[in-house]
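One structure is given here, and the rest of the page talks about it.
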There are 2 protein chains.
Amino acid sequence: MSTSLHAHVVEHLGSRIVGGQIPRGSILLAAELEEKLQVSRSVIREAIRVLAQSGLVTSTKRVGIRVLGAEFWNPYDSHVIRWRLASDQKGTQLRSLTELRISVEPMAAELAAEVAPEAMRKELMMVSAQMSHYGRQGDLHKFLELDIRFHSLVLAASGNEMFANLATPIGAILRGRTELGLMPERPHEEALLWHQSVSDAISNSDSASARKNMESIMRRTHNEICSLWEGQARIFVDPPKETR
Amino acid sequence: MSTSLHAHVVEHLGSRIVGGQIPRGSILLAAELEEKLQVSRSVIREAIRVLAQSGLVTSTKRVGIRVLGAEFWNPYDSHVIRWRLASDQKGTQLRSLTELRISVEPMAAELAAEVAPEAMRKELMMVSAQMSHYGRQGDLHKFLELDIRFHSLVLAASGNEMFANLATPIGAILRGRTELGLMPERPHEEALLWHQSVSDAISNSDSASARKNMESIMRRTHNEICSLWEGQARIFVDPPKETR
DNA sequence: TTATTTTTATGCCTGCACAGATTGGTGTCA
DNA sequence: TGACACCAATCTGTGCAGGCATAAAAATAA
C-alpha cells in the first residue's frame with residue numbers, strides 16, 4: 001500500500017458523496033464502514049475527520065455520520081474540486097472556477113506589475129515568447145503547458161497567496177479546455193499578442209496595461225468555454241446568519 | 001467540555017503554528033504531544049490529520065510531525081484565516097482578503113443582477129433601505145450588521161458557491177474596519193447611494209450598473225483600509241511545477 | 001405537555017504489531 | 001586511506017482490537 005490507508009477511505013467516500021452515489025442526508029455508521037471497507041476504527045475516524053473538514057459530513061453522537069448537501073461543501077478544498085470535476089457537476093464547477101479567475105486574474109496582473117520580483121518578470125517574458133513560438137507552430141500540447149505556466153506565474157507574482165493558490169485548479173480548467181477540444185486549431189494571433197502584452201506590461205511595471213490586456217484574455221477565454229455549462233443549475237447558498 | 005477534545009488540540013496547535021510560537025521546521029512528536037496536552041493518541045492523530053489537510057504540518061514516519069512554513073498553508077481554510085487574523089500577520093491577511101473581494105464583488109454583483117432569485121432581490125432592497133436609514137442616523141453598529149448582510153447577500157445571489165463562501169471572511173474584514181476605527185463617524189452619503197444603486201440594479205437585472213456601482217464601493221473601501229498593511233511584506237509562493 | 005429513563009453510536013483511551021525511513025556500521029574496491 | 005554499496009538497528013507514525021464514558025435521540029412516565 002503506497003499511500004496511506006485513511007487517504008484511500010477519504011478518496012472512496014469523498015468521491016462517492018460528491019458523485020452522488022451516497023446521497024445527501026444518508027446516515028453512515030462507523031461500525032458499518034469498518035466492516036464494509038475492512039479497516040479499523042482509527043482509520044475510519046481519521047477519514048471522517050478529514051471529510052468533516054471538507055464539509056462533506058458531520059458526525060454527531062447517537063445519530064452517526066450524516067452526509068451533507070453540496071451547499072455545505074468547502075468549494076476551495078482541492079479534493080472537492082477534483083471530485084466535482086470528475087462528476088456530472090463538472091459544468092457547474094468549471095463555471096464557478098472560470099468566473100472566479102475572470103475576476104481575479106486582471107487584478108493579479110495589475111498587482112504583479114507593481115510588486116513582482118525580478119526573477120518572475122524575467123521568466124514571464126521567456127514564457128510568453130515561447131508561447132508565441134509554439135503557438136504559431138500549432139504545437140497545442142507545448143502551448144498548453146506554457147499557458148498554464150504563464151497564468152500560474154502571474155498569480156504567484158501578485159504576491160497574494162490567495163491568488164497564487166488558484167493556480168492548480170485554473171490549470172485544470174486550461175487542461176479541460178484543450179482536452180474537450182475547445183481550443184482553436186492554433187491559438188489566435190491576438191491571444192498571443194495579449195499574453196505578450198501582459199508580460200511586457202508587468203516587466204515595465206505598467207499595471208494599467210497589464211490589467212487591460214489580461215481582461216482581454218479573460219473575455220475571450222470566457223467566450224470559448226461558456227458553452228460547457230449552458231443551462232446548468234446554479235447553487236444558491238443562503239448567506240451566513242451570523243449575529244456574532 | 002462542550003466542544004470535542006480533538007478540536008481543542010487543533011485550535012491549540014494551529015493557533016500556535018500560525019502565530020509563530022511553533023516555528024516552521026519544528027518537529028513535533030506524537031508521544032510528546034500526548035503528554036504535554038494530556039490527551040490520548042487517537043485525539044492527537046485526528047488533530048494532526050486535520051492540521052495536515054490545512055497544510056500546517058506533514059507527518060512522516062521515523063521523523064515525526066514537521067511544521068510547515070506559511071507558503072504551504074491553505075489560504076482559504078477558515079481556521080487558517082481566523083488564526084492569521086489573530087496573529088501579527090493580520091495586515092497581510094487583510095490585504096489578501098481585500099484584494100480578493102475587490103476582484104470578486106463587482107463580478108458577483110453583475111451575476112446577481114442576471115440570476116438572483118426573487119427573494120434575494122427583495123431582501124437586498126430591504127437591507128439597502130435600512131442601511132441608508134441607520135447610516136444617516138449614525139448608528140454604526142446597526143449599519144455594520146446590515147453592511148455585512150448586504151455583501152453576503154450579493155455574494156450568495158451570484159449563484160457561484162465559491163463567491164458565496166467568501167461571505168464569512170469578508171464579514172470579518174468589515175468588522176475589523178469598524179473595530180479599528182477606520183470607518184468615518186457616519187457613512188458617506190455617496191457610499192449609501194452606491195449600495196442603494198447596487199440593489200436597485202440587481203432588482204432591475206441591470207448587470208452593468210450593478211458592477212459599476214459595486215466597483216465604486218470597492219474603490220472607496222480599499223482607500224479606507226489600505227493603510228493597515230502599509231509596508232507589510234508580501235508572500236511569494238513559487239508556482240506549482242506540475243508536469244502532470 | 002413536560003420530565004425521566006433507556007437506548008445506542010460516537011468520543012476517548014490503551015496495548016500491541018507492523019511498516020518504512022534514517023542512521024550507523026561493515027565490508028569491498030579503487 | 002577513502003569512497004561507496006549494502007545491511008542491520010532503531011525510531012516513529014500507521015493500523016488493529018477492544019474497552020469504558022458520554023451525549024443525544026427516542027421512548028416512557030408523570
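The model shown is predicted, which means the values in this text are computed figures rather than measured ones. Here is how names work: the chains are called A, B, and so on, in the same order as the sequence lines, proteins then strands, and each is numbered from 1.
In this structure, the side chains of B:L166 and A:Y76 come closer than 4.5 Å at one or more pairs of heavy atoms. A:L13 places none of its side-chain heavy atoms less than 4.5 Å from the side chain of A:V57.
Rounding to whole angstrom units, CD of residue B:Q38 and P of C:dC12 are separated by 15 Å. The CD1 atom of B:I27 sits 15 Å away from the P atom of C:dA21 (whole-angstrom rounding).
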Can you give each donor-acceptor pair under 3.5 Å made by side-chain atoms of residues 16-24 of chain B, sequence neighbours left out, with the distance rounded to 0.1 Å?
residue	atom	partner	partner atom	Å
B:R16	NE	B:H12	O	3.3
B:R16	NE	B:H12	NE2	3.3
B:R16	NH2	B:H12	ND1	3.4
B:R24	NH1	B:E71	OE2	3.2
B:R24	NH2	B:E71	OE1	3.1

Tabulate protein N/O versus nucleotide N/O from nucleotides 9-15 of chain D, keeping only pairs under 3.5 Å, one per line.
residue	atom	partner	partner atom	Å
D:dC11	O2	B:R62	NE	3.1
D:dG13	OP1	B:A30	N	3.1
D:dG13	O3'	B:S59	OG	3.2
D:dT14	OP1	B:R49	NH2	3.0
D:dT14	OP1	B:S59	OG	3.0
D:dT14	OP2	B:R49	NH2	3.4
D:dG15	OP1	A:L5	N	2.5
D:dG15	N7	B:R45	NH1	2.9

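Rounded to the nearest 0.5 Å, atoms CE (A:M183) and CD1 (A:I225) are 11.0 Å apart.
Look at B:E32 and B:K36 and you find no salt bridge, because none of the NZ, NE, NH1 or NH2 atoms lies under 4.0 Å from a carboxylate O.
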